[in-house]
*Asks:* 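One structure follows; several queries about it will come next.
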Amino acid sequence: MLTLDWIVIGLFSAALVGIILWVTKQKQKDSADYFLGGRDATWLAIGASIFASNIGSEHLIGLAGAGASSGMAMAHWEIQGWMILILGWVFVPFYSRSMVYTMPEFLERRYNPQSRTILSVISLISYVLTKVAVTVYAGGLVFQQVFGIKELWGIDFFWIAAIGLVLLTALYTVLGGMRSVLYTSVLQTPILLLGSLIILVLGFKELGGWDEMMRICGAVSVNDYGNTMTDLIRSNSDPDFPWLGALIGSAIIGFWYWCTDQYIVQRVLSGKNQTQARRGSIFGAYLKLLPVFLFMIPGMIAFALHQKTGSFLPSLDGGGVNSDAAFPTLVAKLLPAGVKGLVVCGILAALMSSLASLFNSSAMLFTIDFYKRFKPQTPEKQLVVIGQIATVVVVVLGILWIPVMRSVGDVLYAYLQDVQSVLSPGIAAAFLLGICWKRTSAKGGMWGLIAGIVIGLIRLTAKVIYSGATEASDNLFKYVFYDVNWLFFCGWMLLFCIIVVIIVSLLTEAPSQDKIRGLVFGTASQEQLAETRNSRNRWDIVHTAVILIITVAFYIYFW
């Protein structure tokens with residue numbers, strides 16, 4: 001890092017501080033102001049925030065690392081702009097009509113208070129122990145690699161980077177709430193895109209172009225069935241990414257994440273109206289087409305450079321190649337002065353925006369779904385203070401979890417997608433049937449959630465037991481909960497949860513028409529339907545079609 005790099009980082013920091021100071025001067029009149037930015041966000045802020053919130057350590061470390069180790073396999077999860085379109089076109093009207101603050105609150109409106117509590121607990125625990133922990137852990141590793149500093153003032157630089165990242169992000173999240181998350185994303189998103197694009201261009205220049213990358217990676221076999229690193233659709237016998245399992249599993253996980261997870265949906269809930277919320281989703285869908293090219297392809301470039309030179313990527317202690325270091329290694333080795341500072345700003349933007357969204361969503365879940373429920377008479381200004389305190393608590397828990405992450409980081413990171421694959425089916429079943437089937441009862445939705453939690457915990461327990469077992473006899477339990485490919489398991493799990501919801505619903509009392517009015521297909525009033533129709537125009541349809549065509553073209557090219 002040279003002086004010019006530090007000047008660029010300083011200018012970025014000054015712009016960030018300027019936005020934060022402006023946001024903090026805006027009065028937070030009530031909890032809607034603090035958590036949803038007053039529900040007056042425009043499509044630009046919503047779309048940028050959706051993208052910036054999504055891009056975090058799992059892309060800078062995980063996606064680039066996946067590109068360097070397994071090629072195109074993980075692209076199923078990243079070419080999911082079409083799933084954000086489902087959020088905008090299908091779910092936005094229901095969420096808008098319900099006027100809820102959180103996804104658990106929506107389940108209470110549709111089902112019962114118990115469903116709300118279950119989803120709130122699942123979300124809070126998963127945010128603190130997986131998303132916050134992984135982002136902070138990977139952030140420390142990224143900056144240690146990029147800056148090339150092992151120790152500073154006698155302290156491991158990992159700790160300085162990780163804790164500094166948390167405290168800086170927490171400061172503006174606590175002070176500014178959702179507005180600070182939205183408006184800083186408008187600054188962070190273009191810097192992140194520009195920085196990653198520079199990496200892509202310089203990487204191709206160093207390697208010799210797209211064809212050279214495809215030639216080198218296309219010659220590397222990834223299984224015993226003739227598939228190479230450039231194949232997106234792989235044999236159904238592939239142990240890790242069978243094509244049918246990948247299509248089903250990525251769709252289920254994507255549906256849960258993009259359409260029902262508070263972390264993402266909160267950006268849409270902050271929209272001024274259905275028009276802005278939907279167009280924000282369409283803009284976010286356009287941006288979501290980019291990560292494959294901005295992070296996964298650079299990972300494949302790093303792998304190809306390592307194949308040519310034999311020494312581009314660093315080695316692990318055991319002697320293998322450290323694929324997870326692909327993106328920071330490209331930054332450290334290829335970028336000239338000034339440009340490196342810009343890309344570091346992009347990395348910083350990605351990590352900070354993800355953390356800010358996590359902090360804000362976690363605080364909102366606690367404040368609205370727990371505190372306000374038990375103390376409904378709490379004044380709005382006090383709810384804002386409670387939200388700020390809850391953010392600080394989440395920050396402290398995140399910092400306390402760092403040592404655990406550092407000791408088992410590789411293991412936990414490897415299981416992160418596995419955790420999401422067992423977390424999503426029960427929630428997906430409850431939301432999907434909740435808006436599609438009028439007969440879905442309160443107990444049906446609740447037991448669908450419970451079934452998902454129980455099966456998920458059994459699966460994760462089996463992973464822990466059998467992963468460490470040197471000799472384990474084959475039996476039905478081991479086959480079902482450990483041997484079955486994680487993607488196929490995710491699909492079967494969704495089917496099971498849907499069956500549970502249907503059976504319990506048919507055996508219990510049907511919901512009243514008043515309870516589900518406007519929350520299920522076929523129950524909206526004429527005024528509500530007219531509002532939704534008037535919120536869209538032909539350009540929304542044109543842009544939606546363009547995104548779908550690009551997605552299909554991508555699958556055809558890498559088939």
Side-chain angles (χ1 to χ4, degrees), residues 43-56 58-60 62-64 66-67 71-92 185-186 188-201 203-204 210 213-214 230-233 246-247 249-251 253-259 261 263-265 267-268 277-301 327 346 349-350 353-354 357 539-559:
W43 65 268
L44 180 64
I46 293 169
S49 184
I50 287 174
F51 180 73
S53 299
N54 172 240
I55 302 301
E58 67 269 28
H59 293 82
L60 299 174
L63 186 58
M72 294 301 300
M74 293 297 291
H76 292 285
W77 283 260
E78 295 307 320
I79 198 75
Q80 284 196 332
W82 63 276
M83 194 62 76
I84 312 179
L85 294 175
I86 294 177
L87 168 65
W89 284 98
V90 178
F91 282 86
V92 158
S185 293
V186 175
Q188 291 163 337
T189 297
I191 291 177
L192 172 62
L193 292 174
L194 179 60
S196 301
L197 182 62
I198 291 170
I199 282 282
L200 181 70
V201 172
F204 276 134
W210 174 272
M213 181 200 74
M214 293 294 285
T230 57
D231 290 331
L232 177 61
I233 302 298
L247 291 176
S250 63
I253 296 170
F255 175 80
W256 158 73
Y257 181 79
W258 293 109
C259 299
D261 191 18
Y263 176 61
I264 292 297
V265 178
R267 291 25 25 241
V268 173
R278 182 180 297 104
R279 289 179 183 170
S281 301
I282 293 171
F283 180 43
Y286 267 120
L287 295 175
K288 187 56 187 171
L289 297 172
L290 302 176
V292 169
F293 302 98
L294 298 180
F295 302 106
M296 177 169 279
I297 296 297
M300 295 174 69
I301 291 172
F327 195 83
S353 59
S354 293
S357 299
W539 285 110
D540 297 326
I541 298 172
V542 168
H543 287 297
T544 297
V546 170
I547 292 166
L548 294 176
I549 290 169
I550 292 172
T551 303
V552 170
F554 178 87
Y555 268 93
I556 292 173
Y557 182 84
F558 286 103
W559 192 272

*Asks:* Do the non-hydrogen side-chain atoms of M300 and T230 ever get within less than 4.5 Å of each other?
*Replies:*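 In contact.
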*Asks:* What's the separation between atom CD1 in I253 and atom CG in D261, rounded to the nearest 0.5 Å?
*Replies:*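 The distance works out to 12.5 Å.
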*Asks:* Measure the shortest side-chain to side-chain distance between F295 and L290 over non-hydrogen atoms and say whether it is less than 4.5 angstrom.
*Replies:*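 Sidechains of L290 and F295: no contact.
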*Asks:* Can I get a per-line list of side-chain donor-acceptor pairs under 3.5 Å for residues 550-558, giving both atom names and the distance, sequence neighbours left out?
*Replies:*
from	atom 1	to	atom 2	distance (Å)
T551	OG1	I547	O	2.9
Y555	OH	H76	ND1	3.0
Y557	OH	W210	NE1	3.1

*Asks:* Does F204 reach the side chain of I297, with side-chain heavy atoms less than 4.5 Å apart?
*Replies:*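 Side-chain contact under 4.5 Å: yes.
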*Asks:* Using every non-hydrogen atom in the two residues, find where I86 and C259 come nearest and quote the distance to one decimal.
*Replies:*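 Minimum heavy-atom contact is CG2-SG, 3.9 Å.
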*Asks:* Quick one: CG on L85 to CG on L548, what's the gap to the nearest 0.5 Å?
*Replies:*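 Between atom CG of L85 and atom CG of L548 there are 5.5 Å.
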*Asks:* So which heavy atom on A277 is nearest to which on V92, and how close?
*Replies:*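 That closest heavy-atom pairing would be CB-CG1, 3.9 Å.
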*Asks:* Take I301 and I199 through the side chain to side chain contact (heavy atoms under 4.5 Å, CB included) test and state the conclusion after the steps.
*Replies:* CA-CA 10 Å; I301 291 172; I199 282 282; over 6 Å; no
*Asks:* Evaluate the ring planes of H543 and Y286, with Trp represented by its six-membered ring, and classify them as parallel (under 30°), tilted (30 to 60°) or perpendicular (over 60°).
*Replies:*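 H543 vs Y286 ring planes: perpendicular.
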*Asks:* Do T544 and W89 come close enough that some side-chain heavy atom pair is under 4.5 Å?
*Replies:*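 A side-chain contact exists here, since the closest heavy-atom pair is under 4.5 Å.
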*Asks:* Would you say the side chain of Y257 lies within less than 4.5 Å of the side chain of N54, judging by non-hydrogen atoms?
*Replies:*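 A side-chain contact under 4.5 Å exists here.
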*Asks:* So S196 and F327, do their side chains get closer than 4.5 Å, heavy atoms only?
*Replies:*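 Touching, per the 4.5 Å side-chain cut-off.
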*Asks:* To the nearest 0.5 Å, how far apart are CD in E78 and CG in L294?
*Replies:*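 One gets 10.5 Å once the value is rounded to the nearest 0.5 Å.
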*Asks:* Which value, rounded to the nearest 0.5 Å, describes the distance between M74 atom CE and L232 atom CG?
*Replies:*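 Reported to 0.5 Å precision, the distance equals 11.5 Å.
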*Asks:* Show your reasoning for whether side chain to side chain contact (heavy atoms under 4.5 Å, CB included) applies to L287 and I50.
*Replies:* CA-CA 9 Å; L287 295 175; I50 287 174; over 6 Å; no
*Asks:* Mind checking the CD1-CZ spacing from I84 to R267? Nearest 0.5 Å is all I need.
*Replies:*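 Rounded to the nearest 0.5 Å, the CD1-CZ separation comes to 12.5 Å.
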*Asks:* Looking only at heavy atoms, what is the nearest atom pair of A75 and V292, with distance?
*Replies:*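 Looking at all heavy atoms of both residues, the closest pair is CB-CG2, 4.1 Å.
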*Asks:* Between W258 and K288, is any pair of side-chain heavy atoms under 4.5 Å apart?
*Replies:*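 Of all side-chain heavy-atom pairs linking K288 with W258, at least one is under 4.5 Å.
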*Asks:* At what distance, to the nearest 0.5 angstrom, does CH2 of W43 lie from OG of S281?
*Replies:*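 One finds 12.5 Å between CH2 of W43 and OG of S281.
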*Asks:* How would you list, by chain and number, every residue that makes a salt bridge (Lys or Arg N to Asp or Glu O under 4.0 Å) with R278, sequence neighbours excluded?
*Replies:*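 In terms of salt bridge (Lys or Arg N to Asp or Glu O under 4.0 Å), with neighbours along the sequence ignored, R278 is linked to no residue.
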*Asks:* Can you find a pair of side-chain heavy atoms, one from P291 and one from F51, that are under 4.5 Å apart?
*Replies:*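 A side-chain contact under 4.5 Å exists here.
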